[in-house]
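Scroll down for the structure; my scribbles are underneath it.
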Amino acid sequence: MFDFYDFMAGSRVEVHYIQNETKRQYLIRQSLQLKKWALLGGLIYYILSTIADFRFPPAVYQQTIPARLFLVLVPLMFITWTYWRKDKFDYTFNLGLLLYLGIASGLVHGFVYYTVIMSGGFFPKVGMAMLLLYSCLLLGLPILFGAICAVVLIVTAAVVYYLTSMPVINIALLTAFYTLFSVCCLIANKVCYFILKENYQLVQKIYHISIYDELTQVFNRRYFVENLHRIYHQAKREQSMLSIVTIDLDNFKLLNDTYGHVAGDDALVKISTIIKKYCKRPLDFVARTGGDEFAVLLYGSNQSHIEGICKSILSDIKSLSIQSSDDGKIISASIGVASTDFKGSVYDIEELIHNSDVAAYQSKKNGKNRFTVFNSES
Ligand SMILES: Nc1nc2c(ncn2[C@@H]2O[C@H](COP(=O)(O)OP(=O)(O)OP(=O)(O)O)[C@@H](O)[C@H]2O)c(=O)[nH]1
């Protein structure tokens with residue numbers, strides 16, 4: 001029989017958060033890394049470009065600095081801070097703020113450009129800082145919001161250029177340039193999304209493999225132990241009955257030796273389907289804990305319900321009539337049950353597992369095809 005002691009001593013496995021995470025949550029969590037760096041880059045460049053405004057005559061920067069400061073810089077600093085301080089993160093709120101920032105930075109940039117040109121100053125048509133901020137914001141936004149933002153920015157730039165009497169051909173060339181640049185940013189955005197999505201699918205697949213038994217598709221023993229710890233503490237808090245039912249098949253080696261491993265595998269699949277049928281409550285679950293051994297965890301079941309389940313499993317397995325040898329022996333099961341109600345009989349997890357193993361062993365010793373409820377006095 002499989003020894004849980006060894007296994008549990010070395011592997012107190014944490015319940016992985018991926019287990020309860022939706023695809024959306026995963027994508028948000030992963031993309032935070034990319035976005036927080038993109039926003040930091042955008043912030044640094046925006047600060048530099050704001051400082052560079054001092055090259056303009058005082059009348060110009062007196063007009064432009066407040067708009068830059070309050071409409072873009074402060075919100076940008078705030079959002080960058082929230083992306084870096086994950087505990088303060090509110091995805092929906094930040095998304096709205098990001099969209100606002102994308103649009104506001106474009107409008108303010110248009111305003112700065114217009115003010116400088118109208119006062120006779122020089123302002124580069126394609127500002128490097130603006131482009132970097134622009135790309136950072138487009139990388140930070142979901143694709144649809146990024147596209148909306150890009151359209152607003154491009155249209156704003158074209159209108160401002162028109163108002164400053166730029167020749168139409170130049171406006172057309174700059175608009176084409178901005179459009180190309182936006183498309184590149186949005187493609188980069190989409191590629192990142194696809195990479196993250198593929199990673200998510202891969203992680204899910206690996207997670208599935210790590211918790212399920214490949215043959216029977218019930219949980220494996222690693223997951224059984226991991227989940228048992230979690231449910232044990234819940235049962236303790238709620239003072240609920242927690243039971244482990246160990247099901248060890250009889251004459252299974254004989255079946256393998258007589259009819260081969262494929263027949264053995266087929267029997268394991270059929271028997272696991274039967275056992276699964278009796279795990280109906282949300283916290284009940286079944287795992288294959290050894291070659292021909294299964295364990296069932298029952299939460300909040302009373303003794304008569306558990307005994308009813310044991311009887312049904314025994315009779316269902318028997319009625320499969322799986323021959324283990326030519327002399328008519330058929331596959332049956334030896335079952336052991338151990339429970340704790342956290343009031344009268346209090347056992348820790350190791351004791352509970354050990355007790356159900358001892359009870360299953362009793363069933364074997366007493367002639368197989370039966371169940372035994374662990375009793376500390378016997
Ligand atoms: N077909 C198949 N056999 C397996 C698998 N894993 C383990 N086994 C076999 O299961 C058998 C278990 O042997 P035992 O524990 O001695 O079981 P048993 O013959 O039922 O003996 P008793 O429990 O005393 O009735 C071994 O022959 C293993 O090779 C598997 O995935 N598929």
Side-chain angles (χ1 to χ4, degrees), residues 1-8 10-11 205-228 243-279 285-297 306-307 309-338 352-374 378:
M1 240 177 262
F2 154 61
D3 185 4
F4 273 108
Y5 289 108
D6 258 23
F7 184 69
M8 292 212 311
S11 61
K205 200 169 157 188
I206 292 168
Y207 185 66
H208 184 94
I209 291 168
S210 78
I211 67 169
Y212 284 99
D213 170 50
E214 199 188 343
L215 176 67
T216 58
Q217 288 302 307
V218 296
F219 292 113
N220 60 22
R221 82 181 188 196
R222 180 185 160 289
Y223 184 81
F224 179 77
V225 176
E226 188 177 302
N227 214 21
L228 174 61
S243 309
I244 295 180
V245 180
T246 296
I247 303 163
D248 195 283
L249 302 185
D250 305 323
N251 314 318
F252 193 72
K253 187 174 180 309
L254 197 59
L255 165 69
N256 269 335
D257 293 347
T258 314
Y259 300 110
H261 268 251
V262 175
D265 285 356
D266 189 44
L268 287 170
V269 172
K270 285 182 179 145
I271 291 166
S272 67
T273 309
I274 285 176
I275 301 171
K276 261 192 283 186
K277 226 170 54 181
Y278 295 101
C279 292
F285 74 98
V286 53
R288 185 175 168 211
T289 48
D292 66 344
E293 185 182 297
F294 296 88
V296 179
L297 192 126
I306 297 168
E307 288 180 12
I309 288 179
C310 291
K311 281 180 194 153
S312 303
I313 291 175
L314 286 175
S315 85
D316 285 7
I317 292 177
K318 269 217 105 175
S319 62
L320 284 175
S321 300
I322 301 170
Q323 299 245 341
S324 58
S325 63
D326 292 332
D327 63 7
K329 269 193 181 151
I330 62 167
I331 293 290
S332 57
S334 296
I335 299 180
V337 181
L352 206 55
I353 293 166
H354 176 72
N355 294 348
S356 70
D357 270 355
V358 167
Y361 181 68
Q362 282 292 333
S363 296
K364 273 269 177 229
K365 236 176 55 177
N366 292 341
K368 303 181 178 177
N369 187 31
R370 68 194 61 225
F371 72 91
T372 308
V373 178
F374 178 81
S378 63

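Numbering of ligands and ligand atoms starts at 1, following listing order. These values consider heavy atoms only, across backbone and side chains, with no hydrogens, waters or symmetry-generated copies.
Residue L268 has at least one heavy-atom neighbour below 4.0 Å for each of these atoms of ligand 1: 30 (C), 31 (O), 32 (N). Listed by atom number, the atoms of ligand 1 under 4.0 Å from D250 heavy atoms are 20 (O), 25 (O). The D248 neighbourhood of ligand 1 comprises atoms 23 (O), with distances under 4.0 Å to a heavy atom of that residue. Proximity to K364 (heavy-atom distance under 4.0 Å) selects the following atoms of ligand 1: 22 (P), 23 (O), 24 (O), 25 (O). Heavy-atom contacts of D265 reach the following atoms of ligand 1: 1 (N), 2 (C), 30 (C), 31 (O), 32 (N) (cutoff under 4.0 Å). Near G264, meaning under 4.0 Å from any of its heavy atoms, are these atoms of ligand 1: 1 (N). Proximity to F252 (heavy-atom distance under 4.0 Å) selects the following atoms of ligand 1: 2 (C), 3 (N), 4 (C), 10 (O), 11 (C), 18 (P), 19 (O), 20 (O). Residue K368 has at least one heavy-atom neighbour below 4.0 Å for each of these atoms of ligand 1: 24 (O), 25 (O).
Of the polar atoms of L249, at least one N or O is found under 3.5 Å from an N or O of ligand 1, judged by distance alone. For ligand 1, one of its N or O atoms has an N or O atom of H261 under 3.5 Å away.
Residue N256 touches ligand 1 through its side chain alone, judged by heavy-atom distances below 4.0 Å.
Between N256 and G264 the shortest heavy-atom distance is OD1-CA, 3.6 Å. Of all heavy-atom pairs spanning A359 and V373, the tightest one is CB-C, 4.5 Å.
Nearest-residue assignment for atom 21 (O) of ligand 1 (options D257, N251, I331, L254; heavy-atom criterion): N251. Taking each of E293, K253, K329 in turn, the one with a heavy atom nearest to atom 16 (O) of ligand 1 proves to be K253.
When the options Q323, K329, K368 are evaluated for a side-chain hydrogen bond (donor to acceptor under 3.5 Å, both in side chains) with N251, the one that passes is K368.
The six-membered or imidazole ring of Y223 lies away from that of Y212, with a centre-to-centre distance of 6.0 Å or more.
In this structure, D213 CG and F219 CZ are separated by 11.5 Å, a value rounded to the nearest 0.5 Å. To the nearest 0.5 Å, atoms OG1 (T216) and CD1 (I275) are separated by 9.0 Å. Of the inter-residue distances, the one linking L215 atom CG with R288 atom CZ reads 5.5 Å to the nearest 0.5 angstrom. Separating the CZ atom in R222 from the CD1 atom in I211 is a distance of 8.0 Å, to the nearest 0.5 Å. The distance from atom OG of S243 to atom CG of L297, rounded to the nearest 0.5 Å, is 8.0 Å.
The closest approach between a heavy atom of R288 and any atom of ligand 1 is below 4.0 Å.
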